[in-house]
Amino acid sequence: MKIFDTLSGTEKELDTSNSVRIYLCGVTVYDESHIGHARTIIVFDTLRRFLEHQGIKVKFIQNFTDVDDKIINRARAENVPSDKISSKYIASYFEGFDSLHVKRADMYPKATEHISDMIDLIKTLIDKQFAYVSKNGVYFSVSKFHDYGKLSKKKTDELISGARVEVDETKKDPLDFALWKFASDEPVWQSPWGPGRPGWHIECSAMSLKYLGSDFEIHGGGRDLIFPHHENEIAQSESCSGKNFAKIWMHVGMVTINGEKMSKSLGNTKSVDFVLKKWGANVIRLFCLSGHYSKPIDYSEELLRETITKWRQVENCYYELILSDNGQASNDDAKIVDEAIKETKTEFEDALNSDFNTPLAANAFFKLVKVINQLAASERLVTSISSQLLPALDWMLDILGLKVLQITEEEKKKINGLIERRNLLRSQKKFQDADAIRDEISRMGVVLIDHKKKTLWMKQERIGDEG
RNA sequence: GGUGAGGUGGCAGAGCGGCUAUGCGUUCGCCUGCAGAGCGAAUCUAUAGGGGUUCGAAUCCCUUCCUCACCUCCA
């Protein structure tokens, strides 16, 4: 599998000979997660599912930043300890992302639980003279790391001239960044240099090195993390270990809202909770995977509505398969199906293997959906072929993290009974009574589709306000 | 100002030297008691502008214009 590496600016072959180690920069838990977080995390969740489906071992780590000025500010504003804020939003994170069918990472390390690891790292950096103690804290000396800027393609002299930050006189160089900030107010930890708390970037270095070691396969996050976060992580980690930090840097594009940047000040942020309620997990996942991960994607009602249509096709086709009639397909149909499955699988895999091209993969997926619906429309979808199609469809559904609503045997019995009654009434032209039954079924979230010879039904996800 | 990514049909979105995806939409059919969904057909030859290179470019080079992101916390 090839993945575009931000650092080298080229596609690199992912080494899958051993387990694939992935570190994803997660969220700072000071507020609700939003659609932007969701996109990045869904991309990585899908990547992980794809690798695992090939029998590749994946070690997937995603951190929580639970010490940060924004958390502290929020805690002060609400007059509660800061761990109250972080634990609240961690809980809400899991609630949202479990609902989005995101598989749990192997580990969710928290910054506050790795203070001593960070202190060890800082010690090493001071010993190696990459860092120094100053009045306000311990700083990383950017000029000591000659590769600084290699990820974000920035030149240090340009960074200084273009800097919009006020220069902190206690730093040796304006570009130096904090590894440890002195402070006496909560939350505070002891360190060899004085009480305080860690800087932002050091946690990811400490935790990724601890759990994944040096030179792990993929380090990921949103594009906006390239500078300064990931640039600084590289500086710290490589100065400390003397080894390459990560093999591939994979960055996910931003989500815009109607073409505009999503921001608190514009008031256009879409929380995970909101989009889940409005569109449901499947539509959101499909939407997030409908563009190449590296490019920006625009959230708009129009696009999301379009995605609902696509999801309906999937639901339809799925129920066609599970409710198909007993029978043996013709040789021709068997051949068509056989080839369609092979073709789809190849296309799907090839697309994902080439820089994780999810829009192309989704395309292949929808092609198979189409084939199934075509067979169903001409009443040629019988069990001998649907039993072949269903696993292929399930395979893709699982990689994409999509879940069609399932039915219980009980529901099935009940619905079949109602349909029988309704069809009898229809044959007697008692349409009002028949429609009453249809309404009753519809209240169970089940939609009826009258084919020529039989009535197909499917349990449909109720989505947002579409009525 | 700097850096990076882009500009493809009404919309979304692949392709990244030749065979010009795909989906949504729209129109008309089929099916149906109605409805929904589905199916079929039609529609759309698009590649920001201008120069090159080439037998041939959306695809490579130059140039102009435009968009977005980052350079400050951000997934």
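Residue numbers start from 1 in every chain, and the chains themselves are labelled A, B, ... in the order their sequence lines are given, proteins ahead of strands. All figures in this text were calculated on a predicted structure; none of them were measured in a lab. Below, all heavy atoms of this structure are taken into account, side chains as well, without hydrogens, waters or symmetry copies.
Proximity note for A/R422 (side chain, C-beta onward) versus B/G6, B/C34, B/C11: the nearest is B/C34. When the nucleotides B/A37, B/A75, B/G23 are ranked by their closest atom to the side chain of A/N316, B/A37 comes out on top. When each of B/A37, B/G38, B/A75 is scored by its nearest atom to the side-chain atoms of A/A377, the top-ranked nucleotide is B/G38. Closest contact between the side chain of A/T309 and the listed nucleotides B/A37, B/A21, B/G25 involves B/G25. Comparing B/U3, B/A37, B/A75 by their closest approach to the side chain of A/K153 singles out B/U3. Across B/A14, B/G36, B/A75, the shortest atom-to-atom separation from the side chain of A/V255 is found for B/A75. You'll find that the side chain of A/R426 is closest to B/G33, out of B/A21, B/A75, B/G33.
Across the P atoms, B/U22 and B/C16 are found 16 Å apart, a figure rounded to whole Å. For B/G52 and B/U59, the C1' atoms lie 15 Å apart once the distance is rounded to whole Å. Atom C1' of B/A14 sits at a distance of 12 Å from the matching atom of B/A58, rounded to the whole Å. Rounded to whole Å, the P atom of B/U26 lies 35 Å from the corresponding atom of B/C66. Spacing between B/G56 and B/G40 at atom C1', rounded to whole Å, works out to 37 Å. Spacing between B/C73 and B/U67 at atom C1', rounded to whole Å, works out to 24 Å. When the C1' atom is used for both B/U8 and B/G23, the distance is 15 Å, rounded to whole Å. Between the P atoms of B/A42 and B/A48, the separation comes to 28 Å (whole Å).
When both distances must be under 3.5 Å, the Watson-Crick or G-U wobble mate of B/G25 is B/U43. Remark: B/C34 base-pairs with no nucleotide; criterion is Watson-Crick or G-U wobble with both hydrogen-bond distances under 3.5 Å. With both pairing distances under 3.5 Å, B/G6 is matched to B/C66 as a Watson-Crick or G-U wobble pair. Base-pair partner of B/G56: not found among the strands shown (Watson-Crick or G-U wobble, both distances under 3.5 Å).
Residues A/E233 and A/H219 have side chains that bring a donor and an acceptor to within less than 3.5 angstrom of each other. Side-chain contact of A/S300 with A/N258: a donor-acceptor pair under 3.5 Å is absent, judged by distance alone.
A/K370 has no side-chain polar atom (N or O) that falls below the 4.0 Å cut-off from OP1 or OP2 of B/C24. The shortest distance between the side-chain N/O atoms of A/K295 and the OP1/OP2 oxygens of B/A14 is below 4.0 Å. Side-chain nitrogen and oxygen atoms of A/N357 include none within less than 4.0 Å of the OP1 or OP2 phosphate oxygen of B/G13.
For the pair A/K310 and A/F366, the cation-pi criterion (under 6.0 Å, within 45° of the ring axis) is fulfilled. Judged by the 6.0 Å and 45° rule, A/K70 forms a cation-pi pair with A/Y30.
Classified by interplanar angle (parallel below 30°, tilted 30° to 60°, perpendicular above 60°), the ring pair A/F60/A/F44 is parallel. A tilted orientation is assigned to the rings of A/F356 and A/F50, their planes being inclined by 30° to 60°. Ring planes of A/Y108 and A/Y93: perpendicular class, angle over 60° (limits at 30 and 60°). Between A/F287 and A/Y299, the ring planes lie perpendicular to each other; the angle is over 60°, past the 30° to 60° tilted range.
Contacts of A/G221 with the nucleic acid, taken as non-hydrogen atoms under 4.0 Å apart, involve only primed sugar atoms and P, OP1 or OP2. Among the heavy atoms of the strands, none lies under 4.0 Å from A/L24. A/S290 comes within contact range of the sugar-phosphate backbone alone, with a heavy-atom separation under 4.0 Å but no base atom that close. Among the protein residues, A/H34 comes within range of the nucleic acid bases, having at least one heavy atom under 4.0 Å from a base atom. The residue A/G253 sits close to a base: some heavy atom pair falls under 4.0 Å. Within 4.0 Å (heavy atoms only), A/Q374 reaches sugar-phosphate atoms of the nucleic acid but no base atom.
In this structure, A/E302 atom CD and B/G23 atom P are separated by 18 Å, rounded to whole Å. Spacing between atom NZ of A/K70 and atom P of B/C73 amounts to 9 Å, rounded to whole angstrom units. A/I336 has its CD1 atom 15 Å from the C1' atom of B/C39, to the nearest Å. Between the C1' atom of B/G36 and the CD1 atom of A/I463 lies a distance of 15 Å, rounded to the nearest Å. Per the geometry, CE belonging to A/M250 stands 22 Å off P belonging to B/G4, to the nearest Å. As a whole-Å value, the separation of A/Q313 CD from B/G25 C1' is 13 Å. Whole-Å rounding puts the A/Y23 OH to B/A75 C1' distance at 13 Å. In this structure, A/H37 atom NE2 and B/A75 atom P are separated by 4 Å, rounded to whole Å.
Heavy atoms from other residues, nucleotides or ligands lying under 6.0 Å from NZ of A/K153 number more than 12.
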Table of protein N/O atoms under 3.5 Å from nucleotides 66-70 of chain B N/O atoms:
from  : atom 1 : to     : atom 2 : distance (Å)
B/C70 : OP1    : A/K261 : NZ     : 2.7

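Where A/F4 and A/R438 each meet RNA chain B at their nearest nucleotide, the meeting point lying more 5' is that of A/F4. Taking the nucleotide of RNA chain B with the nearest heavy atom to each of A/V369 and A/P359, the more 5' of the two is matched to A/P359.
Taking only distance into account, the side chain of A/D450 meets the base of B/C34 through a donor-acceptor pair shorter than 3.5 Å.
Centroid-to-centroid, the aromatic rings of A/Y211 and A/Y23 stay 6.0 Å apart or farther.
Applying the side-chain hydrogen bond (donor to acceptor under 3.5 Å, both in side chains) test between A/Y293 and each of A/T358, A/D355, A/T40, A/T46 identifies A/D355 as the sole match.
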